[in-house]
Amino acid sequence: MREFNEQERIRIEKLKEISKTERIYPNDVKVRNTILEIRNAFDNKNREELEANLGKEIFSIAGRIMGWRSFGKVHFLDLKDMTGKIQLFVSRGNTGLSDEKFEKFKRHLDIGDIIYCEGYPFKTKTGELSIAVKDFRLLSKCIHPLPEKWHGLSDIELRYRKRYLDLIMNDEVKEIFRRRNKIISLIREHLDKEGFIEVETPMMHSIPSGANARPFVTHHNALDMKLYMRIAPELFLKRLVVGGFEKVYEINRNFRNEGISTQHNPEFTMIEFYWAYKTYEDLMIFTENMLADIALRVTGSHKVMYQGMLLDFTPPFKRIKVKDALISECGIKPEEIDNIDTLKDKAKSLGIEIPKYATKGYLMMSIFEEMLEDKLIQPTFVLDFPIEVSPLSRKKDSDPTLVDRFELYIAGREIANAFSELNDPFDQAERFMMQLEFKEKGDEEAMVFDEDYINALEYGMPPTAGEGIGIDRLVMLLTDSPSIRDVILFPLLRPEVRS
RNA sequence: GGGCCGUUAGCUCAGUUUGGUAGAGCAGCUGACUCUUAAUCAGCGGGCCGCAGGUUCAAGUCCUGCACGGCCCA
């Protein structure tokens, strides 16, 4: 049995007392108005206009009591619903409560309770729009005292563990998740406008595929088989392009069995979209226009402040090629960029550990990540990745060691990854074989050979470009959130151990 | 995995330097108060000081280990 503290026991006693004369936890009230409606209708009216209305048109609202100021025979409460906050004015008399109801009001209710009330809008001496309460009902009791009214709930661990309490207390948290919803809606709007179809592909895969990452493993009892939580939907979405869905997207969770940080949660949300008869160059233009529009409509400007950095989403975004950046920014000479020994020396000098399966491309990207990633503050497309680190991308016509691929960096973080898709089944089979070699040499993130995917490509996939955008990271940027946990409602935490 | 920091009342925090009866504000309870908005005034109650060991006459405080969390690094 739960143990309750003194304050909680008092509130439970109040509930018991109420239950003697009425149903507790009732659901038979009809809430006809929202606080926002009342504000919109009366905020602009002056005291005299509202005075004339007093006692005539009655409104009904419901919400949570967030504050209480008592003067004995008059009480001021703050009531909050999903649309806003309004002050309740509770007294006795014609436009107030009966003596009996007034006593019940004082005796039964607490800060935190969810109540229904009916009353008349008016303005107090200080000009604050308030509801003169004519009748009320307790709908749901708050057994626990709410956090302190001034400082609120600030303990980070408690905020994540008890997100409901965080949402009750911190309006800015609600705003972050409203904004997250808006961002996702806008992405859908942009894709729907182009004639895309939204689909859902499996979350459980019999072979992990579509990205270089370690999967979560689970087991299906009836089929007695291993299943992997998906690390990416890529190969399924491209099967759909083969099937004739030429513009297709999915917004859903990926699961990666890796560490947790301010940038990583084991489950995170991605949008992946595939667009037949387009190239990665087309996607850069689409992406910069879409992100600029979202930034503008969500924050009101193309220029967004993130953690002290002013990010400029005005298109076009900067474009740099991987090799050019290594040469101009990392002190590698043009004639040595393709020399594996030079790259190894450079990597060593940066303290990068060099695994057995390290190739030129692997080293180039390691050096890039170590030296340049953090510096890409303004939105920047990094293009033309080495083929060894891009097993699903189309080879460049002009240079078979590179692929038609870009990643978008903003505020030093990878936000999007896109490429012209590899639709040549013979080349794809070779790439899978190359991945297997890496795996044998110890690369745990190397891809597995997916025979059915090759088979799908053998039926013919149109030339296609595809892209993935990390929704959580994008939301972080547009809500000025320092941690991914601030934009995920229920981030993964170790379970609390109670002694 | 490593380093640093944190964990005290329902919440927000003092108290740890220099070991000696556990503190404040909000919230709660009792009383006063008919226009406040962090209302005000008077009084009262509320503690496994994260957990487990150790040192000591004596530990919230010092030492060790563990748990959970935060930031940084890998």
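Here is the naming used below: chain letters follow the sequence lines, and residue numbers restart at 1 for every chain.
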Chemist: Any ion pair linking Arg256(A) and Glu445(A) (charged N to carboxylate O, less than 4.0 Å)?
Modeler: no
Chemist: Is Lys162(A) near enough to C11(B) that one of its side-chain N or O atoms lies under 4.0 angstrom from OP1 or OP2?
Modeler: no
Chemist: Do the side chains of Lys16(A) and Glu13(A) get close enough for a salt bridge, i.e. N-O under 4.0 angstrom?
Modeler: yes
Chemist: In terms of side-chain geometry, is the basic nitrogen of Arg161(A) or Glu157(A) positioned less than 4.0 Å from the acidic oxygen of its partner?
Modeler: yes
Chemist: By side-chain hydrogen bond (donor to acceptor under 3.5 Å, both in side chains), which residues pair with Asp43(A), not counting sequence neighbours?
Modeler: Arg39(A)
Chemist: Given G69(B), is OP1 or OP2 found less than 4.0 Å from the side-chain N or O atoms of Arg494(A)?
Modeler: yes
Chemist: Give the C-alpha distance, both sets of side-chain angles, the deciding distance and a yes or no for side-chain hydrogen bond (donor to acceptor under 3.5 Å, both in side chains) between His264(A) and Glu258(A).
Modeler: CA-CA 8 Å; His264(A) 301 88; Glu258(A) 293 160 2; 5.6 Å; no
Chemist: Taking the P atom in each of C11(B) and G20(B), what is the distance between them to the nearest angstrom?
Modeler: 26 Å
Chemist: Which whole-number value in Å describes the distance from Leu165(A) CG to C11(B) C1'?
Modeler: 9 Å
Chemist: Mind checking what makes side-chain hydrogen bond (donor to acceptor under 3.5 Å, both in side chains) contact with Asp480(A), not counting sequence neighbours?
Modeler: Gln307(A)
Chemist: Arg485(A) has a side chain; which of C29(B), C11(B), G69(B) sits nearest to it?
Modeler: G69(B)
Chemist: Quick test of your reading of the model: are Lys323(A) and Asp384(A) salt-bridged, counting only N-O distances below 4.0 Å?
Modeler: no
Chemist: Just N and O in the side chain of Asn5(A): are any of them under 4.0 Å from OP1 or OP2 of G46(B)?
Modeler: no
Chemist: When the P atoms of C66(B) and G28(B) are compared, how many Å lie between them, rounded to an integer?
Modeler: 42 Å
Chemist: For Phe449(A) and Phe432(A), take the angle between the two ring planes, folded into 0 to 90°, and tell me which bin it lands in: parallel under 30, tilted 30 to 60, perpendicular over 60.
Modeler: tilted
Chemist: Could you tell me how far G25(B) sits from U40(B) if I compare only their C1' atoms? Round to whole Å.
Modeler: 15 Å
Chemist: I need the CD-C1' distance between Glu148(A) and C11(B), as an integer number of Å.
Modeler: 6 Å
Chemist: What residues form a salt bridge (Lys or Arg N to Asp or Glu O under 4.0 Å) with Glu100(A), not counting sequence neighbours?
Modeler: none
Chemist: Between Arg137(A) and Asp28(A) (salt bridge meaning N to carboxylate O under 4.0 Å), is one present in this structure?
Modeler: yes
Chemist: Specify the residues of residues 360-375 of chain A, ordered by number, for which at least one heavy atom lies under 4.0 angstrom from an atom of RNA chain B.
Modeler: none
Chemist: I'd like the P distance from G43(B) over to C26(B), given in whole Å.
Modeler: 13 Å
Chemist: Could you check whether Arg69(A) pairs with Asp78(A) (Lys NZ or Arg NE/NH1/NH2 to Asp/Glu carboxylate O, under 4.0 Å)?
Modeler: yes
Chemist: Does a salt bridge link Glu118(A) with Lys134(A), judged by any charged N lying under 4.0 Å from a carboxylate O?
Modeler: no
Chemist: Using the side-chain heavy atoms of Phe76(A), tell me which of these nucleotides is nearest: U34(B), C35(B), U12(B).
Modeler: C35(B)
Chemist: Pick the P atom in U30(B) and in C71(B), then give their distance to the nearest Å.
Modeler: 43 Å
Chemist: Which nucleotide in the set C11(B), C68(B), C35(B) lies at the smallest distance from any side-chain heavy atom of Arg161(A)?
Modeler: C68(B)
Chemist: Do NZ/NE/NH1/NH2 and the carboxylate oxygens of Asp81(A) and Arg64(A) come within less than 4.0 Å?
Modeler: no
Chemist: Check whether the side chain of Glu6(A) and the base of G28(B) form a donor-acceptor pair under 3.5 Å.
Modeler: no
Chemist: Quick one: is the NZ or CZ of Arg405(A) closer than 6.0 Å to the six-membered ring centre of Phe385(A), and within 45° of its axis?
Modeler: yes
Chemist: Determine which bases of RNA chain B form Watson-Crick or G-U wobble pairs with both distances under 3.5 Å, and write the result as a 5' to 3' dot-bracket string with | for other-strand partners.
Modeler: (((((((..((((......[..)))).(((((.......))))).....(((((..]....)))))))))))).
Chemist: Can you check the Arg107(A) CZ to C29(B) P distance for me, whole Å?
Modeler: 13 Å
Chemist: CG of Leu77(A) versus C1' of A38(B): gap in Å, rounded?
Modeler: 15 Å
Chemist: What is the separation between atom CD on Glu8(A) and atom C1' on C29(B), rounded to the nearest whole Å?
Modeler: 15 Å
Chemist: I need the residues from residues 46-55 of chain A with at least one non-hydrogen atom less than 4.0 Å from RNA chain B; give them sorted by number, or say none.
Modeler: none
Chemist: Should the side chain of Gln7(A) and the base of A27(B) be counted as holding a donor-acceptor pair, with the cut-off at 3.5 Å?
Modeler: yes
Chemist: Please determine if Glu17(A) and Arg107(A) form a salt bridge, counting it only when a charged side-chain N lies under 4.0 Å from a carboxylate O.
Modeler: yes
Chemist: Return the OG1 to OH distance between Thr218(A) and Tyr228(A), rounded to the nearest 0.5 Å.
Modeler: 11.0 Å
Chemist: Between G1(B) and A59(B), how many Å separate the two C1' atoms, rounded to a whole number?
Modeler: 33 Å
Chemist: List every contact pair, protein side and nucleotides 1-6 of chain B side both N or O, where the distance is under 3.5 Å.
Modeler:
none

Chemist: Any idea which of G10(B), G28(B), G70(B) is nearest the Ile156(A) side chain?
Modeler: G70(B)
Chemist: Quick one: ring pair (Phe, Tyr, Trp, His ring centres under 6.0 Å) partners of Tyr409(A), sequence neighbours excluded?
Modeler: Phe368(A)
Chemist: Listed by chain and number, what are the salt bridge (Lys or Arg N to Asp or Glu O under 4.0 Å) partners of Asp341(A), not counting sequence neighbours?
Modeler: none
Chemist: Going by heavy atoms closer than 4.0 Å, what residues in residues 83-103 of chain A are next to RNA chain B?
Modeler: Gln87(A), Phe89(A)
Chemist: Roughly how many Å apart are A22(B) and G60(B), using the P atom of each and rounding to a whole number?
Modeler: 8 Å
Chemist: Please give, in whole Å, the distance from G10(B) P to Leu158(A) CG?
Modeler: 12 Å
Chemist: Whole Å only: how far is the CD1 atom of Ile65(A) from the C1' atom of U37(B)?
Modeler: 15 Å
Chemist: Could you list, one pair per line, each protein nitrogen or oxygen that sits under 3.5 Å from a nitrogen or oxygen of nucleotides 39-41 of chain B, together with the distance?
Modeler:
from	atom 1	to	atom 2	distance (Å)
A39(B)	OP1	Lys149(A)	NZ	2.1
A39(B)	OP2	Arg69(A)	NH1	3.4
A39(B)	N7	Ser70(A)	O	3.3
A39(B)	N6	Ser70(A)	O	2.9

Chemist: Could you give all pairs that pass the side-chain hydrogen bond (donor to acceptor under 3.5 Å, both in side chains) test and reach residues 349-362 of chain A, with sequence neighbours left out?
Modeler: Thr359(A)-Glu388(A)
Chemist: Evaluate side chain to side chain contact (heavy atoms under 4.5 Å, CB included) for Trp68(A) paired with Phe76(A), printing each intermediate quantity in order.
Modeler: CA-CA 6 Å; Trp68(A) 192 318; Phe76(A) 297 91; over 6 Å; no
Chemist: May I ask you to verify if any side-chain N or O of Thr126(A) is less than 4.0 angstrom from the OP1 or OP2 atom of C35(B)?
Modeler: no
Chemist: Indicate, with yes or no, if the rings of Phe136(A) and Tyr116(A) have centres closer together than 6.0 Å.
Modeler: no
Chemist: Take atom C1' in C63(B) and the same atom in U55(B), then report the distance between them in whole Å.
Modeler: 7 Å
Chemist: Choose from C29(B), A38(B), U34(B) the nucleotide whose nearest atom is closest to any side-chain atom of Trp150(A).
Modeler: A38(B)
